Amino acid sequence: MGRSPGRLACGVALAALLVSCGGGTKSLNTPGSIRDGSPAEGPAATATNTPAGGNLPTTVPRPVSAPSVVAGKPVKELVIGPVVEFPDDTVMYVATSGCANCGFAPGNLWRIYRARSGELVADHVSPDGYVPLYALSPDASLLIAGVCTGYCGGEGYPSEDASLRFVVSHDGGITWQPLQGPKFDRTYVIFGGWYRGQVVANAISYLPNNRVARVETFLLPSFERLTPPPNLPAPSPDRFPFTAMAGPGGSLLWTTPRPSLPPLLFDERGNPASLSGLEAVIPGMEWQDRTYGNPNPNGSEVWFAIGDAVGAPSFYVQLDSAGVPRAAFATSLQGVTFAARVSETEWLGTAVLPLGAGESAIGGNDNFRAVLIDTATGLMHPIRGLPRDASPLPGNFAWPRLAIKGKFLRVETGSDCLNVRESASTGSRSLGCYASGVLLRQREANAPAGWQPVLTPGGRPGFASSQYLR
């Protein structure tokens, strides 16, 4: 056998907001959750892609240490900084769980923010069921989740009864609807980031003997198929064919695993991907997107290098919207991720920090913390109000996935929905009707008494009744 599904999930998959490495934890029931059946069966599955081509390389130089300069700029060391308060005027989407080494939590996605009183408020925004994977658009106007019956992979193979369906939310996770598409039985799906405004999904289907039956790549929510370039080298016979992931600057990359080696990357034409020459910075490093597939407003991403050598440093490069390196970082700390951009120089992430005075390890892990990474200073600040601190979020560990800056108002209408209208009049056309719990962004505009200028979750300007906003 080649690389196991477990190693894939905690390696390549973890790098792109992909899957849980844990078991089938059930999510809580929440208002507006989906409770109807699976999507209708789609067209018949196609055969496995087996492109012809040359043999894959079998050896690469082993990395020794991170470089001191990248793109003419010194590599900055990431170190631990003081604890910071949960930022104001920020809505954060966070995954939680009771263990650190099992990946982020299946089914447990939360939205956390400060109320007007200053208290932190946490809303559970997951659909019902065992949810092994999520993708979130930059403004949370589009959330896509996979809901699994049985066990859909991560650590080990999908169970015999595994069935995966996809659901979508257009209001920040308050209500969910099914996506109509093909069935995914005994299929392990890897999300590979956002491409052309949709989520790259790689569906790896297994036979009863745990051999790969086929690999199909498509975009969600449209289910548009993506086909690898025909000139890619043939993969090893004991490994599944190519999978796709979003690359720098809006590009698409195709990857293939190799025995005990970093996967090869190819562009949309089938040429070896250069990643702006990063593969030459530290030969033999495995470059992965560490923004978990969540696009950032300026298009920049952080890529992470995994070394073959034991004890090799963690090494990160931030790329701009054109895929050009703009900063580089290294750290001796383990488990550091860049999850989402907060501002020009601030990123949400996680890190395994040394234990402080009086602290004890939880779940066999030293001190797994959500952090605010300041790329200007190189300091990683633990965030007060998220686990392990006293927090409205459950669980011992938290993975921040998205931050949205701005001032928001919460819809409070009971069982009804609130219309957002084109103009401040009940006779004006409705831009959408939003359930209790939906957050509407405040905007600056003149409005008569009783009306509040807002933006819909999709960013359309309108007006809502102030009576039902908190």
Side-chain angles (χ1 to χ4, degrees), residues 11-18 60-79 192-195 245-255 261-267 272-309 311-351 371-380 400:
V12 175
L14 180 61
L17 178 60
L18 311 183
V60 292
R62 297 176 69 85
V64 177
S65 62
S68 58
V69 177
V70 170
K73 299 178 181 178
V75 173
K76 191 169 296 182
E77 180 73 13
L78 294 177
V79 296
W194 292 76
Y195 174 66
M245 65 185 298
S251 63
L252 187 71
L253 297 177
W254 292 91
T255 73
L261 294 172
L264 295 178
L265 298 177
F266 301 90
D267 63 21
S274 69
L275 284 182
S276 298
L278 292 181
E279 78 290 344
V281 175
I282 312 180
M285 296 301 265
E286 178 180 337
W287 290 99
Q288 302 175 354
D289 181 6
R290 295 304 272 187
T291 54
Y292 290 89
N294 289 329
N296 297 290
N298 67 348
S300 65
E301 302 173 67
V302 173
W303 285 70
F304 172 62
I306 296 178
D308 260 351
S314 298
F315 182 66
Y316 306 82
V317 174
Q318 183 180 355
L319 307 177
D320 64 17
S321 58
V324 177
R326 59 185 298 183
F329 314 93
T331 182
S332 58
L333 296 172
Q334 299 300 306
V336 177
T337 67
F338 286 69
R341 182 177 177 269
V342 179
S343 67
E344 187 65 30
T345 60
E346 294 177 317
W347 291 73
L348 291 175
T350 56
V371 293
L372 186 68
I373 303 172
D374 189 331
T375 58
T377 63
L379 295 177
M380 297 187 293

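Since we're looking at a predicted model, the values are computed, not measured. Only heavy atoms go into these numbers, but all of them, side chains included; no hydrogens, no water, no symmetry mates. Throughout, numbering of the chain's residues begins at 1 and tracks the sequence.
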message: If we ignore hydrogens and angles and just use 3.5 Å, is the side chain of Thr337 paired with the main-chain N or O of Ala339 as donor and acceptor?
response: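 No; judged by distance alone, with no hydrogens or angles, the pair does not exist.
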message: Checking the side chain of Lys76 only, and the main-chain atoms of Ala327 only, is there a donor and an acceptor separated by less than 3.5 Å?
response: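 No, because the side chain of Lys76 does not come within donor-acceptor range (under 3.5 Å) of the backbone of Ala327.
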message: Quick check: do Ile373 and Leu348 have side-chain heavy atoms less than 4.5 Å from each other?
response: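 Counting from C-beta outward, Ile373 and Leu348 never come under 4.5 Å.
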task: Find out whether Pro400 and Thr350 are in side-chain contact, i.e. whether some heavy atom of one side chain is under 4.5 Å from a heavy atom of the other.
output: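 Side-chain contact under 4.5 Å: yes.
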Among Thr377, Asp374, Thr331, the one residue meeting side chain to side chain contact (heavy atoms under 4.5 Å, CB included) with Leu78: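 With Leu78 as partner, side chain to side chain contact (heavy atoms under 4.5 Å, CB included) holds for just one option, Thr331.
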Say you draw a straight line from [atom1] of [X] to [atom2] of [Y]; how long is it, rounded to the nearest 0.5 Å?
| X | Y | atom1 | atom2 | result |
| --- | --- | --- | --- | --- |
| Glu77 | Leu379 | CD | CG | 11.0 Å |
| Phe266 | Thr255 | CZ | OG1 | 9.5 Å |
| Arg341 | Gln318 | CZ | CD | 8.0 Å |
| Trp347 | Phe329 | CH2 | CZ | 9.0 Å |

Set of side-chain contact (heavy atoms from CB on, under 4.5 Å) partners for Ala351, sequence neighbours left out: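 For Ala351 the side-chain contact (heavy atoms from CB on, under 4.5 Å) partners, ignoring immediate neighbours, are Val336, Leu353, Val371, Met380.
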For [X] and [Y], which heavy atoms make the closest approach, and how far apart are they?
| X | Y | result |
| --- | --- | --- |
| Val75 | Val69 | CG2-N, 3.8 Å |
| Tyr195 | Leu252 | CE1-CB, 3.8 Å |
| Arg326 | Lys73 | O-NZ, 2.9 Å |

task: Only counting residues at least two apart or in another chain, list the ones meeting side-chain hydrogen bond (donor to acceptor under 3.5 Å, both in side chains) with Ser343.
output: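 Partners of Ser343 under the side-chain hydrogen bond (donor to acceptor under 3.5 Å, both in side chains) test: Glu346.
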message: Regarding Thr375 and Thr345, do their side chains bring together a donor and an acceptor under 3.5 Å, going by distance alone?
response: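 No donor-acceptor contact under 3.5 Å links the two side chains.
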